[in-house]
Amino acid sequence: NTTNLLHLLSKMLIRLSCMVLCLTVSHCLVDRPNIIIMLMDDMGWGDVGINGNWAKETPFIDKMAAEGMLFMNFYTANPLCSPSRAALMTGRLPIRNGFYSTNAHARNAYTPQTIVGGIHEYEQLLPKLLKEADYKSKIIGKWHLGHRRQFLPCNRGFDEFFGSGNCHFGPFNDVKTPNMPVYKDDKMVGRYYTNFTIGKMTGLSNVSQIFLQEGLSFIEKVHSDGNPFFLYWTPDATHGPNYASPMFLGKSIRGRYGDAVMEMDYCVGKILQKLKELGIDKNTFVFFTSDNGAATYRGSAGGDNGPFLCGKETTYEGGMREPGIAWWPGSIPAGTITHQLGNIMDLFTTSLTLAGVKPPQDRIIDGIDLCPVLLDESVPVINRPIWYYRGNEMMAVRVGAYKAHYWMWTGFGQDPLKFTLCRGQYISNVTVHDQIDHTDKPILFNVNRDPGEKYIIAFKSKEYKAAMAIIDPIVKEHKANLVPGVPSLNYCDVAVQNWAPPGCEDLDYCLPVPDSNPKLCVW
């Protein structure tokens with residue numbers, strides 16, 4: 001009868017609508033893909049062979065790019081470790097999520113052992129949001145969003161944790177400064193150098209192999225349980241002091257840093273191989289990138305930022321443009337190159353879309369959804385700005401091919417030929433020791449044809465006027481709507497160092513806690 005026919009048609013329309021949603025939003029939200037984010041530490045854009053590194057020592061990363069999509073214009077949200085990681089986890093600029101300092105103008109800040117703060121409780125982090133879609137999550141490696149108990153990963157949405165709240169600095173004597181704890185979930189299982197050996201002089205360590213096995217075991221276990229998973233794999237061997245296992249130590253023609261890069265490449269290959277062995281490669285989205293540019297201040301002991309100017313800690317291209325590779329066989333077209341401007345914050349929004357979870361609606365999310373670009377190579381690039389912040393200051397912005405510097409600052413010192421953060425690079429009126437305010441008349445580059453930021457576009461040229469006519473309104477709107485978060489990185493205190501981390505009692509490895517004496521951090 002008519003009633004039954006209408007009911008049948010209604011069900012068919014609902015089913016058709018769901019099918020369209022599957023195809024347009026995330027291929028199919030019913031079959032939610034696993035998500036793996038591989039975040040390297042201080043690895044530069046030019047450290048991988050696919051981006052032209054001369055040593056060609058990253059065959060597995062290069063193969064990943066050949067099987068997936070290579071981003072030529074992928075950026076971090078800050079040129080330093082901690083704020084960039086906070087941006088990834090929240091989808092928000094550090095100036096919004098509070099991972100910055102107001103102790104001095106345009107100063108980079110991070111989370112050393114003495115930092116009092118961490119990621120704010122009111123910030124919604126990616127692993128917690130993914131729980132809405134039943135994802136099981138694990139972080140392996142470096143957290144760096146606060147090492148005090150309330151800030152640790154398992155208290156901020158992760159189901160599992162193996163790694164450290166800090167970087168692997170050391171060794172320390174456990175008297176003035178404690179060695180960094182390594183955690184399994186919410187309890188310390190040892191400390192770097194004391195229990196997890198890193199030879200600072202020799203560079204010998206098996207830590208990267210431990211991180212690899214933790215990742216492989218997690219993938220196997222969660223797959224067997226039938227859950228979708230989120231793996232945040234963030235090793236730190238490419239951060240100084242560099243280290244490598246016996247299989248790689250001394251093998252690279254680039255020295256110890258190259259050894260670490262080779263081992264990271266091997267680990268990437270093993271993880272992708274495991275996905276194929278389990279038959280879940282076509283249901284797993286993987287993204288490879290780095291937290292900030294290579295540390296050019298380390299000279300030949302650091303990484304390679306390719307053709308870009310300067311490096312880590314600066315808002316020139318070398319400090320913030322990163323390798324970016326997306327991999328999802330059967331969904332992302334193999335062997336594709338995109339000129340889409342991407343940002344580490346986009347991994348937050350894109351991951352939520354793939355999982356069928358709505359981003360928070362009560363706050364500004366800076367990350368955009370890259371799914372249209374990833375899943376359909378015919379889709380035009382999405383117009384969006386890239387913001388370059390250094391501490392509490394917007395230093396520059398990129399819109400399309402053009403990058404406008406509103407402030408310029410390279411680093412400290414007086415000798416114009418010794419720019420520590422731009423070692424070996426000197427460009428008159430561009431690499432500067434003093435903070436220079438160009439807000440009234442920004443310095444403009446076309447970074448498509450001039451990636452090294454060497455040739456300033458003349459103020460009186462038609463090109464300058466046309467580009468700034470587009471950029472200026474975007475900047476004015478951004479600043480007008482900006483509500484800075486409460487800064488988390490202003491105060492330091494020796495008493496909050498890792499003297500007595502959770503679980504130290506079980507190992508009889510708790511150290512005496514000194515008197516509290518909070519002070520403004522010196523950045």
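Numbering starts at 1 and runs along the sequence shown.
For Asp362, the CG atom counts as densely surrounded, since its 6.0 Å shell holds more than 12 non-hydrogen atoms of other residues, nucleotides or ligands. At most 12 non-hydrogen atoms from other residues, nucleotides or ligands lie less than 6.0 angstrom from CG of Asp515. Within a 6.0 Å radius of OH in Tyr491, other residues, nucleotides and ligands contribute 12 heavy atoms or fewer. Counting heavy atoms of neighbouring residues, nucleotides and ligands inside a 6.0 Å radius, atom NZ of Lys131 exceeds 12 of them. Within a 6.0 Å sphere centred on NZ of Lys519, heavy atoms belonging to other residues, nucleotides or ligands number 12 at most. Crowding of Gln150 atom CD: a count of heavy atoms from other residues, nucleotides or ligands under 6.0 Å exceeding 12. Other residues, nucleotides and ligands contribute only 12 or fewer heavy atoms inside 6.0 Å of the NZ atom of Lys128.
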Determine, stepwise, if the pair His239 / Phe169 fulfils ring pair (Phe, Tyr, Trp, His ring centres under 6.0 Å).
CA-CA 9 Å; His239 190 296; Phe169 292 129; 5.3 Å; yes
Can Cys504 and Cys510 be said to form a disulfide bond (SG atoms under 2.5 Å apart), step by step?
CA-CA 5 Å; Cys504 67; Cys510 302; 1.9 Å; yes
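For Ser516, the side-chain contact (heavy atoms from CB on, under 4.5 Å) partners at least two apart in sequence or on another chain are Asp493, Ala495, Pro518. In this structure, the side-chain contact (heavy atoms from CB on, under 4.5 Å) partners of Asp134, at least two apart in sequence or on a different chain, are Arg32.
In this structure, Asp62 does not pair ionically with Lys56, as no charged nitrogen and carboxylate oxygen lie closer than 4.0 Å.
Judged purely by distance below 3.5 Å, without hydrogens or angles, the side chains of Asn498 and Asn166 pair a donor atom with an acceptor atom. Neither side chain, Thr58 nor Asp265, offers a donor N or O lying under 3.5 Å from an acceptor on the other. One side chain, Tyr243 or Asp236, offers a donor N or O that lies under 3.5 Å from an acceptor on the other. With 3.5 Å as the limit, one finds no donor-acceptor pair spanning the side chains of His147 and Thr111.
Side chain of Tyr183 to main chain of Gly503: no donor-acceptor pair is present (N/O by atom type, distance under 3.5 Å, no hydrogens or angles).
Using cut-offs of 30° and 60° for the angle between ring planes, the Phe287 and Phe285 rings count as tilted.
Using a 4.5 Å heavy-atom cutoff, the side chains of Tyr192 and Val207 are in contact. With a 4.5 Å cut-off on side-chain heavy atoms, Glu393 and Gln435 do not count as touching. Residues Phe218 and Phe162 fail the side-chain proximity criterion, which asks for heavy atoms closer than 4.5 Å.
Among Asp281, Thr284, Asn227, the one residue that satisfies the side chain to side chain donor-acceptor pair (under 3.5 Å) test with Asn34 is Thr284.
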